[in-house]
Amino acid sequence: MDVQLKRGMIEVCVLAAMLRGPTYGYKLIRDVSPYMEISESTLYPILKRLEAAQCLTVTSAEHNGRLRKYYSITPEGRRRIQEFLHDWQDIMKIYSFIAKEAAYD
């Protein structure tokens, strides 16, 4: 799979995992990994990019005596998900065409 396409899909998956409420890094990995391969070394740069793009906010709270970062989706992040869903319809049209043509091969 194209690296850029995969990166964009992982970003949207991470945002979608935040739709149920604030969450933290390890939980994001658990929530996304059944659908896409993701590791800490992949997740945290994505979270930084999404924060810089104002798609999420970060807060810290104590948990079991340690400070934990919680990530929450913003209206911009929700807009990004909707944009992805709209674009995906176009991708599916292209996929259908390619699959149909490949069947003739």
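Positions are given from 1 along the sequence.
Here R66 does not pair with E62 in a salt bridge; the nearest charged N to carboxylate O distance is not below 4.0 Å.
Using cut-offs of 30° and 60° for the angle between ring planes, the Y24 and Y70 rings count as perpendicular.
Heavy-atom minimum distance, V32 versus A17: CG2-CB, 4.2 Å. Here the shortest heavy-atom pairing between L67 and S60 reads CG-CB, 3.9 Å. In plain terms, the two heavy atoms of R80 and L50 that are nearest each other are NH1-CD2, 3.6 Å. The two residues E37 and I10 come nearest to each other via the heavy atoms O-CD1, 4.1 Å.
Here CZ of R20 is found 13.0 Å from CD1 of I73. Values are rounded to the nearest 0.5 Å. To the nearest 0.5 Å, the span separating SG on C55 from CZ on R78 amounts to 12.0 Å. From I46, atom CD1 reaches atom OG of S41 across 9.5 Å, with rounding to the nearest 0.5 Å. Separating the OG1 atom in T57 from the OH atom in Y71 is a distance of 11.0 Å, to the nearest 0.5 Å. Taken from CG in L19 to CD1 in I81, the straight-line distance is 4.0 Å, to the nearest 0.5 Å.
Open room surrounds CD on E40; 12 or fewer heavy atoms of other groups in view lie less than 6.0 Å from it. Applying the 6.0 Å contact sphere to OH of Y44 captures more than 12 heavy atoms from other residues, nucleotides or ligands.
A continuous path of ILVMFWY side-chain contacts below 4.5 Å connects F97 to I94, so both sit in one hydrophobic cluster. L28 and Y26 sit in two unconnected hydrophobic clusters of ILVMFWY residues. Membership requires side-chain heavy atoms under 4.5 Å apart, directly or through other members.
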Could you go through W88 and M9, starting from their C-alpha distance and side-chain angles, then the distance that decides it, and tell me whether this counts as side-chain contact (heavy atoms from CB on, under 4.5 Å)? CA-CA 10 Å; W88 198 255; M9 291 175 69; 4.2 Å; yes
List the steps and the verdict of side-chain contact (heavy atoms from CB on, under 4.5 Å) for L15 and E11. CA-CA 6 Å; L15 289 170; E11 288 181 0; 5.5 Å; no
Evaluate Q82 against L85 for side-chain contact (heavy atoms from CB on, under 4.5 Å), listing each step before the verdict. CA-CA 5 Å; Q82 291 305 312; L85 292 172; 4.0 Å; yes
Do T59 and K69 pass the side-chain contact (heavy atoms from CB on, under 4.5 Å) test, and can you show the C-alpha distance, the side-chain angles, and the key distance before you say yes or no? CA-CA 6 Å; T59 57; K69 287 184 178 181; over 6 Å; no
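Counting only heavy atoms from C-beta outward, the side chains of E76 and L56 never approach each other to under 4.5 Å.
Formation of a donor-acceptor pair under 3.5 Å by the T74 side chain with backbone atoms of Q54 is found in this model. With T42 contributing its side chain and I38 its backbone, the two residues share no donor-acceptor pair below 3.5 Å.
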